[in-house]
Amino acid sequence: MADARPRTLFDKIWAHHVVETLPDGTALLYIDRHLVHEVTSPQAFEGLRAAGRRVRRPDATIAVVDHNIATDDSRRTGITDPESRLQVETLERNVAEFGVPYIPLLDDRQGIVHVIGPELGLSLPGMTIVCGDSHTSTHGALGALAFGIGTSEVEHVLATQTLLQKPAKNMRVRVEGTLALGCTAKDIVLAIIGKIGTAGGTGHVIEYAGEAIRALDMAGRMTVCNMSIEAGARAGMVAPDETTFAYVKGRPHAPKGEAWERAVAFWRSLPSDPGAHFDKEVVLDAAAIAPMVSWGTSPEDVLPITGVVPDPAEAPNETRRAQLQRMLDYMGLTPGQKLTELKVDVVFIGSCTNSRIEDIRAAAAIAKGRKVAEGVRAMVVPGSGLVKKQAEAEGLDRVLKEAGFEWREAGCSMCLGMNPDKLRPGQRCASTSNRNFEGRQGPGGRTHLLSPAMAAAAAIAGRLTDVREWQPA
Amino acid sequence: MRPFTVLTGIAAPLPLANVDTDQIIPARFLKTIARTGLGKHLFANFRYKEDGTENPDFVLNQQPYRQAEILIAFENFGCGSSREHAPWALLDFGIRCVIAPDFADIFHNNSFKNGILPVKLPREICAQLMEDAKLGANARITVDLERQVVVRPNGEEIPFEVDPFRRHCLLNGLDDIGQTLQHASAIDSYEAKQRATQPWLFAS
């Protein structure tokens, strides 16, 4: 008999994937799609080999390199860094030995794992999707349950196509109303993290809802879901709707013909039922969200661009005061300084948060007919080879190059400081990535998180600036 | 996996909240294909100066904390990336237990898979343990997973909660995969059902 209790999107996807429930309530959860990359998989394959195990479903698995590869032409002549080369070669050896489908570095479809999953139709509504990477939450934008796992769990999924999991709690973040001009999905998610904090979603799956979320295109929804982990939630999701179906339809791995009709009919059953219970709910007014920028070394330390650097003397307690002082010292900031006075050395437009065609269009619209400020290094790194091709077909690469931006090859690039794209100590960077941790973009580097349009405007102004004052030229 | 039963050892105080995985092990050290040998990179940006020499102010460079087996920290320990290199680095250094008010989900999970016990205790108690830890070698702390208590140097016992399944696996050093494969026939039937009702999930 059907369960009459109203259920959330998460409850439904969870229930569809429980293979078995163990006596203590731990579920054996089936995984539909497993994305694999070079950094978190070598030890997992090694574990399989040592135990004489095989990959249960190579057809549900896809491997790609993204984290430690160069994003310039040097990739065409081979990887120069010996450790990076070994990691990539190890992945290539592992996928060959275990029969896992693989997208090689020089393939057009290569790119950041969280960009190519949705792009190729490998990530679909209603699926459970995992990857040894915390930003797997991105794929939840399609109405899937997608979360990051550690390497031991990567091995577990490779061997069994399941994970042992306890159900998460349900949290809903509703963003009501309409975003103001110049404000984007990135500003929404930074505002959410600023409000609930980096542990605000711990133990929960966040469903993003409300008028402003519905109004976002898929790229925007991916940006929001991507940073769920920065709010402490392993997964974020948006209920599938017509925007979702229109995005998925026709993608290379999406269902076709009769299977498409059946799939859509099923996906329509997934949105949360009216009256479904959420353990926690937060509401934001979209109209009150301004272009946001981070000033500290935790993603919760964000302010509207019109703000000033906080004063540790005004902290509510000693622990927070010490923490603020440490951040200000690291970031090279003084209390009361206007954010719009902060000069930048580097601008990075890319990462699994903001490297889709929509993000590049937003940056190009600001860059068009303008010039990057002298002394600023500005780089645009498309999320995949296909995004790059699309941007080139639209002439966006020319607009950006004429303005003085570097136009690069697809990869994680300067998001995480493990490939040649790194900040030098003390450099200040306006970045569309997701983490402003100490040393994240390179030891001693200073990160300010913001949207692609804000980043492009910062490149031209040579400092952080309010994009609302920058109409396309 | 090495079982975890009772651990008595030196605890290192790390009085920071939001210790993230980029702090525990920066990404530039993730270019490895092994699980071992990462202890030298643990907290690299805190532990070493720019010229590569040790920073004498950092707790793990001081005695007796070079031999620490327990780490005491504040809220949201292990936030950030999913890198299992974080628990691998802790383990390789010799840390087998982290005590904090709460943990980020993925780090929490990864710890159990590697025989590291994350213990959640209220902030006031973590603050007390932090003071105990500052006494160094004279103040060993015991973490008893069988009895689910932390024993302070003064003998006071503090009970803690732990998921029963994870406790069982840790006490016995059990490999998850081996256990899951005992359910192989249930996985087979699930797949057969899904293949019939949602065939698009099986057309690669």
Side-chain angles (χ1 to χ4, degrees), chain A residues 19-20 22 24 26 28 30 32 39-40 42-43 46 51 53 59-60 68 81 83-84 86-87 90 101 124 127 132-134 148-153 155-156 159-162 164 166 198-199 202-203 232 234 253 255 259 262-263 266 298 319 323 416-418 425 435 437-440 443-444, chain B residues 15-18 20-23 26-35 44-45 50 74-76 79-85 87-88 102-107 109-110 113-114 163-165 168 175-181 183-184 186-187 189-191 194 197-204:
Chain A
V19 173
E20 220 167 8
L22 308 183
D24 76 325
T26 302
L28 192 60
Y30 195 81
D32 294 318
V39 178
T40 56
Q43 298 85 353
E46 187 55 38
R53 290 172 177 144
D59 66 304
N68 72 27
D81 180 85
E83 288 178 300
S84 295
L86 178 62
Q87 224 171 32
T90 302
L124 298 172
M127 274 184 165
D133 190 285
S134 60
I149 56 178
T151 298
S152 295
E153 290 178 313
E155 186 181 339
H156 195 281
T160 70
Q161 208 55 38
T162 64
L164 290 161
K166 279 273 172 66
T198 52
T202 302
R234 274 180 92 176
H253 293 269
R262 281 178 71 181
F266 172 68
S298 170
T319 313
Q323 198 183 24
L416 84 167
M418 78 170 296
R435 287 189 180 133
F437 296 158
E438 285 183 22
R440 169 77 178 181
Chain B
L16 296 174
N18 296 320
D20 62 65
T21 51
D22 279 86
Q23 290 171 347
R28 60 186 182 279
F29 302 117
L30 308 189
K31 298 184 194 182
T32 172
I33 57 169
R35 287 170 203 253
N45 291 347
E50 257 178 63
F74 287 136
E75 288 82 2
N76 202 25
C79 60
S81 93
S82 66
R83 62 189 68 164
E84 201 158 316
H85 308 70
W88 293 338
D102 52 50
F103 295 86
D105 290 334
I106 305 179
F107 176 84
N109 243 344
N110 286 342
K113 311 278 183 201
N114 290 282
D163 179 89
F165 177 73
H168 172 75
D175 164 10
D176 277 356
I177 297 177
Q179 295 191 77
T180 297
L181 287 174
H183 301 269
I187 303 174
S189 343
Y190 177 89
E191 275 179 356
Q194 287 296 88
T197 55
Q198 297 185 36
W200 63 88
L201 296 175
F202 292 81
S204 58

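Only heavy atoms go into these numbers, but all of them, side chains included; no hydrogens, no water, no symmetry mates.
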**OP:** For the residue pair A:Glu20 and B:Ser189, establish whether any side-chain heavy-atom pair is separated by less than 4.5 Å.
**Re:** no
Subject >> Contact class of B:Phe103 relative to chain A, heavy atoms under 4.5 angstrom >> reply: backbone
Original post:
Is there a donor-acceptor pair closer than 3.5 Å between any side-chain N or O of A:Arg440 and the backbone N or O of B:Asp22?
Top reply: no
**OP:** Look at B:Lys31 together with A:Asp81 and state whether they make a salt bridge at an N to O cut-off of under 4.0 Å.
**Re:** yes
Original post:
How about B:Glu84 and A:Thr40: do any of their side-chain heavy atoms sit closer than 4.5 Å?
Top reply: no
Original post:
Side chain, backbone, both or neither: which part of B:Asp102 has a non-hydrogen atom closer than 4.5 Å to chain A?
Top reply: neither
Original post:
Do A:Pro443 and B:Arg28 come within less than 4.5 Å of each other through their side chains, counting heavy atoms only?
Top reply: yes
Original post:
With a 4.5 angstrom heavy-atom cut-off, which part of B:Glu191 approaches chain A: side chain, backbone, both or neither?
Top reply: side chain
Original post:
Of the backbone (N, CA, C, O) and the side chain (C-beta and beyond), which part of B:Asp176 lies under 4.5 Å from a heavy atom of chain A, both, or neither?
Top reply: both
Subject >> Best-contacting candidate, B:Glu75, B:His85, B:His183, B:Gln179, against chain A by heavy atom pairs under 4.5 angstrom >> reply: B:His183
Original post:
Under the side-chain contact (heavy atoms from CB on, under 4.5 Å) test, which residues partner A:Pro255, sequence neighbours left out?
Top reply: A:Leu124, A:Ala259, A:Trp260, A:Ala263, A:Trp267, B:Trp200
**OP:** Kindly indicate whether the side chain of B:Asn109, heavy atoms from C-beta on, has any atom under 4.5 Å from the side chain of A:Ile149.
**Re:** no
Subject >> Which of B:Pro26, B:Ala186, B:Ser81 touches chain A most, by non-hydrogen pairs under 4.5 Å >> reply: B:Ser81
**OP:** Look only at the side chain of A:Gln87 and the backbone of B:Leu30, and say whether a donor-acceptor pair between them is shorter than 3.5 Å.
**Re:** yes
**OP:** Kindly say whether A:Gly203 contributes a backbone atom to a donor-acceptor pair with the side chain of B:Asp105 at under 3.5 angstrom?
**Re:** yes
**OP:** Check each atom of B:Thr197 against the heavy atoms of chain A and say whether the ones under 4.5 Å are side chain, backbone, both or neither.
**Re:** backbone
Subject >> Counterpart residues, ring pair (Phe, Tyr, Trp, His ring centres under 6.0 Å), relative to A:His156 (two or more places apart) >> reply: none
